[in-house]
Amino acid sequence: ERIHYEGLRMGACPNCKEEIDYLRHYERGERYYVVTQDEGGLHFDYQDFTEGDDEKEYECPNCDKVIANYENEAEKILED
């Protein structure tokens with residue numbers, strides 16, 4: 001089921017042409033954990049996230065296609 005955010009600007013997906021009011025955002029990077037072990041097994045304690053390269057992915061929530069790779073591109077899509 002698709003989420004709808006009331007009161008936000010609506011844009012259109014350049015791929016499927018459907019109206020959208022949000023994008024799904026993914027970034028590349030590394031997560032750092034401290035791993036310990038006890039009788040119950042391994043435990044992962046999240047410590048930090050380090051961003052990777054500047055390229056990110058913004059997907060259309062309707063067609064699941066990547067339609068932008070940079071924040072300014074995502075802003076333009078949602079402003080139109």
Side-chain angles (χ1 to χ4, degrees):
E1 182 178 322
R2 192 172 166 310
I3 302 167
H4 179 69
Y5 293 95
E6 293 292 329
L8 297 179
R9 290 182 171 180
M10 298 278 287
C13 173
N15 183 63
C16 69
K17 310 300 185 220
E18 292 291 322
E19 283 192 341
I20 51 176
D21 56 359
Y22 74 97
L23 300 171
R24 289 191 301 246
H25 170 70
Y26 300 91
E27 5 184 302
R28 293 176 181 88
E30 295 181 3
R31 287 194 176 143
Y32 163 61
Y33 295 86
V34 171
V35 181
T36 57
Q37 183 176 6
D38 63 16
E39 305 81 32
L42 293 178
H43 300 275
F44 295 81
D45 183 23
Y46 174 76
Q47 299 293 312
D48 195 15
F49 178 78
T50 303
E51 287 188 26
D53 56 29
D54 288 338
E55 188 172 308
K56 298 167 176 41
E57 292 184 345
Y58 296 85
E59 286 184 357
C60 171
N62 292 316
C63 68
D64 301 324
K65 298 292 183 190
V66 174
I67 57 175
N69 292 103
Y70 298 95
E71 190 172 314
N72 63 336
E73 295 171 343
E75 288 173 342
K76 183 164 176 50
I77 290 168
L78 292 175
E79 286 175 354
D80 289 343

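Predicted model only: the values in this text are computed from it and were never measured.
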Inset, instruction - With sequence neighbours excluded, give me every side chain to side chain donor-acceptor pair (under 3.5 Å) pair touching residues 30-41. - result: D38-H43
Legend entry - Partners passing side chain to side chain donor-acceptor pair (under 3.5 Å) against D64 (at least two apart in sequence or in another chain): R24
Legend entry - L78 and D21: CA distance, side-chain angles, deciding distance, side chain to side chain contact (heavy atoms under 4.5 Å, CB included) verdict: CA-CA 7 Å; L78 292 175; D21 56 359; 5.9 Å; no
Inset, instruction - Using the test side chain to side chain donor-acceptor pair (under 3.5 Å), find all partners of D45 that sit at least two apart in sequence or belong to another chain. - result: Q47
Inset, instruction - Find the distance between SG (C60) and CD1 (I20) and round it off to the nearest 0.5 Å. - result: 5.0 Å
Inset, instruction - Could you tell me which non-hydrogen atom of I77 sits nearest to which non-hydrogen atom of A12, and how far apart they are? - result: CG2-O, 3.7 Å
Legend entry - Heavy-atom side-chain contact between E71 and K56 under 4.5 Å: no
Inset, instruction - Consider only side-chain heavy atoms of I, L, V, M, F, W and Y, link residues closer than 4.5 Å, and tell whether Y46 and F44 are in one cluster. - result: yes
Inset, instruction - To the nearest 0.5 Å, tell me how far E19 CD sits from C13 SG. - result: 12.0 Å
Inset, instruction - Quick one: pull up CG in L23 and CD in E57 and give me the separation to the nearest 0.5 Å. - result: 12.5 Å
Inset, instruction - Decide whether Y26 and F49 are clustered together by the hydrophobic rule: side chain heavy atoms of Ile, Leu, Val, Met, Phe, Trp, Tyr closer than 4.5 Å, transitively. - result: no
